[in-house]
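What follows is a single structure, written as structure tokens, with notes after it.
Residues: numbered from 1 along the sequence shown.
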Amino acid sequence: MDFAFGADDDAFRGEAREWLAAHRGDAVGRAWERELGSGGWIGIGWDDGGAYGGRRAALTQQVVWAEEYARSRAPARAGHIGENLLAPTLIAYGSEAQKQRYLPAIARGEEFWCQGYSEPGAGSDLAAVRTAAVRDGRTYRVTGQKIWTSLAQDADWCFVLARTEPARAGARRHHGLSFLLVPMDQPGRIDVRPIRQLTGTSEFNEVFFDGAVAEDVVGGEGNGWRVAMGLLALERGVSTLVQQIGFAEELREIVRVAVETADGGGGGGGGGGGSGEGAGDPVLRARLVRLWAELHTMRANALRTLGTSETDPGAPSVAKLLWGGWHRRLGELAVQVRGAAATVGPYDWDEERPYELDPLQRLFLFSRADTIYGGSDEIQRNIIAERVLGLPRESG
Ligand SMILES: Cc1cc2nc3c(=O)[nH]c(=O)nc-3n(C[C@H](O)[C@H](O)[C@H](O)COP(=O)(O)OP(=O)(O)OC[C@H]3O[C@@H](n4cnc5c(N)ncnc54)[C@H](O)[C@@H]3O)c2cc1C
């Protein structure tokens with residue numbers, strides 16, 4: 001694929017840079033999402049013809065925006081699940097009424113979403129979900145438990161994969177599932193219980209549904225598997241080019257710390273002094289160079305496979321497998337360059353407050369999860385083995 005920035009992209013870059021410089025203040029979370037929404041910066045890549053709040057910006061412009069966003073060090077996005085997972089899924093599978101109801105609120109940065117797929121007995125084996133949805137007039141009543149639901153504590157809505165027909169012996173398990181849209185503000189019917197992590201923070205939750213009302217089903221009752229898999233392909237593939245811009249920024253920061261350490265600066269990265277090995281260490285240098293070369297290879301691969309998910313069913317899995325492992329190794333290097341200093345942080349034993357992690361520590365800890373969520377490495381390898389290489393299903 002031909003990928004080059006043109007004059008329009010340069011003008012777009014100027015607009016993005018100017019807006020970010022003028023609006024990038026202290027706002028985070030909901031306030032920052034609203035700010036982005038009022039500037040028209042949410043959903044710029046939606047393929048909605050501009051009808052529901054998106055801009056239908058060219059791919060080059062989506063890359064420009066991601067570059068400028070990373071460069072401005074704007075906050076991590078709280079509306080990512082609605083903007084990048086649910087919205088494109090609704091554009092592909094939703095009814096006109098659903099698009100009108102949900103997309104503009106996401107584009108304005110007003111409604112946040114979470115993803116209700118995993119259950120205690122259904123992670124990699126997602127078709128084993130047991131949460132049940134029973135029709136109740138024009139709505140559904142949802143009962144069951146989800147787990148690892150990121151950001152559910154702040155979400156207004158959850159898209160839930162649930163069984164609308166009981167699993168029957170002999171029937172294919174993927175049948176009878178539906179993709180439901182559930183409002184989270186249902187006291188007594190939805191209970192969100194944060195899961196406390198090693199760091200003291202709680203991004204994940206258990207979510208218990210007890211007769212919760214679902215207002216909409218996307219793609220029709222019983223078609224949930226198709227819709228859910230369409231969404232996962234987005235999570236695994238299409239956004240990788242944009243994501244790599246963030247990766248490049250992180251790698252640059254690690255290189256900066258390595259150079260600083262070699263110059264005797266002692267670690268840097270916001271975590272105080274330390275005994276990192278620094279850019280003079282030959283093994284560390286080799287790892288940095290290798291990560292850089294692999295990042296460029298992933299970029300070339302992302303460009304090559306843009307828009308090929310129909311013809312190349314393995315492409316999203318290959319991309320996920322590559323970037324998940326790459327980012328984990330980047331996380332390891334992020335602490336290695338800082339040496340012992342990377343392993344400590346302020347902690348108040350009396351108050352038991354969460355650790356204050358600096359960005360490189362956070363990168364290390366969070367990147368451990370990259371080979372698990374969105375389909376683990378083993379699952380990606382199974383997909384490639386069976387759908388691309390034509391290997392028989394694993395025995396046992
Ligand atoms: C940071 C993070 C955020 C998440 N956010 C969400 C969210 O918002 N919403 C949501 O629904 N879920 C979320 N998840 C859950 C995630 O989707 C699951 O963790 C993932 O699908 C794996 O499922 P599991 O944890 O049940 O592990 P299991 O499926 O029990 O797997 C355990 C191990 O066995 C391996 N394994 C399983 N089956 C096979 C097989 N057939 N062949 C070979 N190996 C196999 C796996 O690769 C893994 O190593 C999140 C997870 C993480 C880490």
Side-chain angles (χ1 to χ4, degrees), residues 25-36 69-70 73-85 109 111-120 123 145-159 184-185 190-208 235 243 246-247 249-250 253-254 257 267-272 274 323-324 327-336 338 340-374 376:
D26 297 330
V28 290
R30 279 188 187 263
W32 175 237
E33 292 292 321
R34 286 224 177 83
E35 192 72 25
L36 283 168
Y69 194 88
R73 298 194 183 271
R77 293 290 312 282
H80 153 79
I81 296 175
E83 180 190 14
N84 298 320
L85 297 182
E111 290 188 350
F112 286 15
W113 287 79
C114 63
Q115 176 178 21
Y117 278 18
S118 305
E119 297 182 6
Q145 186 200 341
K146 296 292 175 182
I147 193 168
W148 313 125
T149 322
S150 305
L151 307 178
Q153 72 276 30
D154 299 322
D156 305 294
W157 291 85
C158 185
F159 48 89
M184 291 297 280
D185 188 15
I190 298 183
D191 184 16
V192 177
R193 298 187 199 160
I195 299 172
R196 193 153 183 258
Q197 295 157 205
L198 198 62
T199 51
T201 55
S202 298
E203 282 95 21
F204 287 144
N205 301 271
E206 292 178 291
V207 182
F208 295 83
E235 190 170 6
Q243 175 196 45
F247 290 175
E249 284 291 319
E250 290 169 347
E253 174 62 12
I254 294 169
V257 173
W323 75 251
H327 203 228
R328 254 173 81 138
R329 283 184 284 123
L330 184 79
E332 286 158 14
L333 213 58
V335 291
Q336 194 190 347
R338 306 248 318 275
T343 61
V344 291
Y347 185 71
D348 187 335
W349 291 101
D350 297 326
E351 295 289 330
E352 283 202 10
R353 267 199 293 269
Y355 288 98
E356 289 292 330
L357 297 173
D358 66 49
L360 294 187
Q361 289 171 326
R362 204 171 307 121
L363 168 61
F364 170 66
L365 287 176
F366 192 81
S367 61
R368 309 310 292 170
D370 286 328
T371 52
I372 301 172
Y373 66 83
S376 69

Quick one: side chain to side chain donor-acceptor pair (under 3.5 Å) partners of Asp370, sequence neighbours excluded?
His327, Tyr373
Heavy-atom closest pair (Ala342 atom, Val335 atom, distance to 0.1 Å) is CB-O, 3.5 Å
State, to 0.1 Å, how close Ser367 and Gly331 come at their nearest heavy-atom pair, and which atoms those are.
OG-CA, 3.6 Å
Can you list everything that forms a ring-ring contact (aromatic ring centres under 6.0 Å, His included) with Phe204? Sequence neighbours excluded, please.
Trp148
Between Ala334 and Leu363, which heavy-atom pair has the shortest distance, and what is it?
CB-CD2, 3.8 Å
Rounding to 0.5 Å, atoms NE2 (His80) and CH2 (Trp113) come to a distance of 14.5 Å
Heavy atoms only: give me the nearest Pro75-Trp32 pair and the separation to one decimal.
CD-NE1, 3.5 Å
Under the side chain to side chain donor-acceptor pair (under 3.5 Å) test, residues paired with Arg77 that sit two or more places apart
Glu33, Glu83
Within the 4.5 Å heavy-atom criterion, are Thr149 and Val192 side-chain neighbours or not?
no
What is the minimum heavy-atom distance between Arg338 and Leu360, and which atoms define it?
NH1-CB, 3.8 Å
Which pair of non-hydrogen atoms, one from Ala78 and one from Phe112, has the smallest distance, and what is that distance?
CB-CE2, 3.7 Å
Backbone N or O of Gly246 within a donor-acceptor pair of the Glu249 side chain at under 3.5 Å?
no
Sequence neighbours excluded, which residues qualify as side chain to side chain donor-acceptor pair (under 3.5 Å) partners of Glu111?
Arg101, Trp157
Do Ile190 and Val207 come close enough that some side-chain heavy atom pair is under 4.5 Å?
yes
Apply side-chain contact (heavy atoms from CB on, under 4.5 Å) to Phe208 and list each qualifying residue two or more places apart in sequence or on a separate chain.
Gln145, Asp191, Arg193, Glu206
Partner set under side chain to side chain donor-acceptor pair (under 3.5 Å) for Ser118, not counting sequence neighbours:
none
Answer yes or no: is there a side-chain heavy-atom contact under 4.5 Å between Leu357 and Phe366?
no
Working to the nearest 0.5 Å, report the span between CE of Met184 and SG of Cys158.
5.5 Å
Calculate, to the nearest 0.5 Å, the distance between atoms CZ and CG belonging to Arg196 and Asn205 respectively.
14.0 Å
Going from CD on Gln336 to CG on Leu330, what distance comes out if it is rounded to the nearest 0.5 angstrom?
11.5 Å
Is the closest side-chain heavy-atom distance between Phe159 and Gln115 below 4.5 Å?
yes
